[in-house]
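Order of the sequence lines fixes the chain letters, A, B, ..., with proteins taken first and strands second; residue numbering starts at 1 for each chain. Quantities reported herein were computed from a predicted structural model and do not represent experimental measurements.
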Amino acid sequence: MAETRELMLARIREAIAVQHGPELPLPRDYERQGSLSAEARVETLLDRLREYDAQIYEASSENVATTVTNLCRQRQVKSLVVPEGFPAEWLPAFGGMIPEGELDRKPLSEIEAVLTTCTVAIAHTGSLVLRHGPGEGTRRLTLLPDLHICIVREEQVVETVPEAFDALREYVTAPITFISGPSATADIEMTRIRGVHGPRYLDVVLVRG
Amino acid sequence: MSIRVGESASAPSFQQAALALLDDTQLRRNVRHATDVITRKRGLVVGEQADWQALRDAGSAIKRHTLRHLDEYLLQFEQAFTAAGGHVHWATDADEANRIIVGLVKQHGGKEVIKIKTMTSDEIGLNPALEAAGIHPHETDLADMIVQLGADKPSHIVVPALHKNRQQVREIFARAMNLPDLGDRPEDLTAAARRYLREKFLKVKIGVSGANFLIAETGGVCIVESEGNGRMCLTLPEVLVAVAGIEKVIPRFADLEVMLQLLPRSATGERMNPYNSIWTGVHEGDGPREFHLVLLDNGRTKVLANPEARETLHCIRCGACLNTCPVYRQTGGHAYGSIYAGPIGAILTPQLHGMQHSQSLPYASSLCGACYEVCPVKINIPEVLVHLRGKIVEEQSANVESVAMKAMAMVFRSPRRFEAAQRLGRIGQWPFISGGWIRNLPGMLGNWTAVRDLKPMPQQSFREWWKQREKSNG
């Protein structure tokens, strides 16, 4: 095996020994910083999430718990898993809540919904980024339940993809998931169908102020 | 060495295969519909991205820079990946990669594996190798499932089953999943796939994947997908084995800010695809406890060694060149006889496994340049096609065609010989003209007229007319 490695590296070195001209600097003239106002940035995010079939709810920092409670009731959710480190003041008043640490009570595959925070949200692409830190759960937590409820604070919204990568700079080795709408496919006649293997429903609660 | 690109070594020539497929009107309708939809969606989301050309420049430059230092970046990746708890394997060709993967699955006592869509595994023929070892691979991408359950072949690098319509998919699923009452709405078919695979995701202990990007700086891997089957395969099993071409490495984590803008817009016409996973090695309590990555050469170093064509390795497998190609849009993917179809397949396949195979592929193009225009990493596919055509001609020993071309060159070099040839041609052509066209030439020349009609040579050339005019004016 070590021989194979050396052989491949030798072939690569031999191949790249033939070069055309001098090495040029990498052009990075694409847009890094967005130009939208804070208000327009949030509106863009919500619009794009709606286009992906996400459901949007808005809340003030005081009534996040109530908003989540109401949406669970409306959706008739019977079981909801909440990851470790999720802010206590945002926990809904809800009987079917299961903390991540008590998953031995009920297998994750039988739980209907999951409630998490996120690290950053990208307006330009309508994406929520989880680095699976406190309040965001392990990767499987936001995968098996059919409904993912994600809380996004207004100040977490950036405009461009490069701005999001700046925000992720501290977490480059963490598991990171970009979520842009519920799981979907267009493999049959290019018709977009929501909900294949991941959550069929994505609810986003935007917290203002 | 056995470099293999699917079963393309034994495939018929593109022109032969295409001729039969052109009669399949259903297939042509399906391909036309799918490529129209993606092309339209791509146009909208690329049009709204004001800095698109700057992103293409950056994407192309990142790839060019990486290839120039490929050994360094692979070593950096290996070190970081290993430090994060992963195991790197190196494979010079398809057989070696398959041996490693089959060995790993056996070592863990696996009788079945769940697979994320990976073209690289199709390239090396992993599924037949697994099956030969008594291991059942379950494709979990919807389109790959359609191909696998229908015992078919992929016809597109992003949407491998775009040649099948809903009724055809219904037939395949109804039979394979034993669901005689299955409906044919895409919703019904998708729901059937969800039920069918859920249990496999929860039960199967080994996952197999490809990779969209390998990050040298962090040892990270990035996988881009839509359905969530990818996330299932890379987080639920205990062991994950990924296979990736050596050209998949990018230098820095932040380079993804370019690639993740270029890829979804080009591939599916979305601002962002539903899920991107980026992770590094093994994470305690989250995901597989063992992660293996097979770095594959399989002809790539040969491509890299050719300065005229190494940009072929920039490819991020978005499929935009297939969707826009006037040839692919008529024939679909199967005519290319390779799992890499369309313009990128026409340059990648023959280079990977040597010009003696797939010689017809560089000719499966009208050189219109549409592929270059849409390529997110600016691969000049027409230029590479012409270069490869030149190589094919060079490698061929003297044959009737090359002798004829030499004679032609001699004729074209002298005005006197050229005019004499014109006079001869005018006499020689008359038995073949019918209705103002030449439709059937005899012998070798018949290859030419088999696919196109010719205008006969005019009774008077421009030069003759000019001379006559001067005479009558003078």
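Rounding to the nearest 0.5 angstrom, the gap separating the OG1 atom in B:T35 from the CZ atom in B:R32 is 6.5 Å. The OG1 atom of A:T117 lies 7.0 Å from the CH2 atom of A:W90; values are rounded to the nearest 0.5 Å. Between B:R56 atom CZ and B:L262 atom CG the span is 9.0 Å, to the nearest 0.5 Å.
A salt bridge is absent between B:D57 and A:R28; no separation between the charged side-chain nitrogens and carboxylate oxygens falls under 4.0 Å. Under 4.0 Å is where a charged nitrogen must lie from a carboxylate oxygen, and between B:R271 and A:E51 at least one such pair does. Remark: A:E43 engages A:R208 in a salt bridge, criterion side-chain N to carboxylate O under 4.0 Å.
Interface remark: A:A174 contributes backbone atoms only to the contact with chain B (heavy atom separation under 4.5 Å). Residue B:I215 does not touch chain A at all, counting heavy-atom pairs closer than 4.5 Å. Residue contact with chain A, scored on non-hydrogen atoms closer than 4.5 Å, involves the side chain of B:L202 exclusively. Contacts of A:L7 with chain B are made by side-chain atoms alone, with heavy-atom separations under 4.5 Å and no backbone atom involved. Residue B:N30 does not touch chain A at all, counting heavy-atom pairs closer than 4.5 Å. Both the backbone and the side chain of A:I179 come within less than 4.5 Å of a heavy atom of chain B. Interface residue B:T140: only backbone heavy atoms are found under 4.5 Å from chain A. Only the backbone of B:L296 comes within contact range of chain A, judged by heavy atoms closer than 4.5 Å. Using a 4.5 Å cut-off between heavy atoms, B:E270 touches chain A through its side chain atoms alone. At a 4.5 Å heavy-atom cutoff, B:N306 makes no contact with chain A through either its backbone or its side chain. There is no contact between B:E72 and chain A, counting heavy-atom distances below 4.5 Å. For chain A, the nearby parts of B:L70 are the backbone and the side chain; heavy atoms of each come within less than 4.5 Å. B:A91 touches chain A through its backbone: at least one of N, CA, C or O sits under 4.5 Å from a heavy atom, while the side chain does not. Interface residue B:E78: only side-chain heavy atoms are found under 4.5 Å from chain A. For A:L144, the parts lying near chain B are the backbone and the side chain together; criterion is any non-hydrogen pair under 4.5 Å. Only the side chain of A:S127 comes within less than 4.5 Å of a heavy atom of chain B; its backbone N, CA, C and O stay farther away. Residue A:P107: no heavy atom, backbone or side chain, is found under 4.5 Å from chain B. Proximity to chain B is absent for every atom of A:E14, based on heavy atoms less than 4.5 angstrom apart. Only the side chain of B:V258 comes within less than 4.5 Å of a heavy atom of chain A; its backbone N, CA, C and O stay farther away. Heavy atoms closer than 4.5 Å to chain A are found nowhere in B:R300, neither backbone nor side chain. For B:A84, no part lies near chain A; criterion is any non-hydrogen pair under 4.5 Å.
Per-residue counts of heavy-atom pairs under 4.5 Å with chain A were compared for B:A61, B:A54, B:P274; the largest is that of B:P274. When the candidates B:R265, B:R310, B:K302, B:R68 are compared by the number of heavy-atom contacts under 4.5 Å with chain A, B:R68 comes out ahead. Between chain B and the options A:R169, A:R140, A:R48, the largest number of non-hydrogen pairs under 4.5 Å is found for A:R48. Most heavy-atom pairs under 4.5 Å with chain B, from the set A:L108, A:D146, A:L24: that is A:D146. Annotation: maximal heavy-atom pairing with chain B below 4.5 Å, among A:G198, A:A184, A:A17, A:G181, occurs at A:A184. No other option in A:V172, A:L9, A:D166 has as many heavy-atom pairs under 4.5 Å with chain B as A:V172. Listed options B:I146, B:I246, B:V169, B:L236 were ranked by heavy-atom pairs under 4.5 angstrom with chain A; first place goes to B:L236. For the set B:L162, B:T280, B:V158, the entry with the most heavy-atom pairs within less than 4.5 Å of chain A is B:T280. The most heavy-atom pairs under 4.5 Å with chain B, out of A:R192, A:R200, A:H197, A:R194, come from A:H197. With chain A as partner, the option from B:S226, B:G220, B:G228 having the largest number of non-hydrogen pairs under 4.5 angstrom is B:S226. Contacts with chain B were tallied for A:L130, A:L168, A:T173, A:V129; A:T173 has the most, counting heavy-atom pairs under 4.5 Å. Taking B:K164, B:H69, B:E217 one by one and counting their heavy-atom pairs under 4.5 Å with chain A, the maximum is reached by B:H69.
Looking only at atom types and distance, the side chain of B:Q168 has no donor-acceptor partner in the side chain of B:H163 under 3.5 Å away. Between the side chains of B:N323 and B:H156, at least one donor N or O sits under 3.5 Å from an acceptor N or O. A side-chain N or O of B:E257 and one of A:Y30 form a donor-acceptor pair less than 3.5 Å apart. The closest side-chain donor-acceptor pair between B:E227 and A:T185 falls under 3.5 angstrom. A donor-acceptor contact under 3.5 angstrom links the side chains of A:E163 and A:T160, judged on distance only. For the residue pair A:E189 / A:T191, no side-chain donor-acceptor distance below 3.5 Å is found, with atom types taken as modelled. Donor-acceptor pairing under 3.5 Å is recorded for the side chains of B:E96 and A:T4. In this model, no donor atom of one side chain and acceptor atom of the other lie less than 3.5 Å apart for A:H124 and A:T44. Looking at B:Q53 and B:D51, their side chains never bring a donor and an acceptor atom within 3.5 Å of each other.
Residue A:Q19 places its CD atom among more than 12 non-hydrogen atoms of other residues, nucleotides or ligands, all under 6.0 Å distant. The local environment of CD in A:E89 is crowded, with over 12 non-hydrogen atoms from other residues, nucleotides or ligands closer than 6.0 Å.
Aromatic pair A:F178/A:F165: ring centres closer than 6.0 Å. Centroid-to-centroid, the aromatic rings of B:F291 and B:H283 stay 6.0 Å apart or farther.
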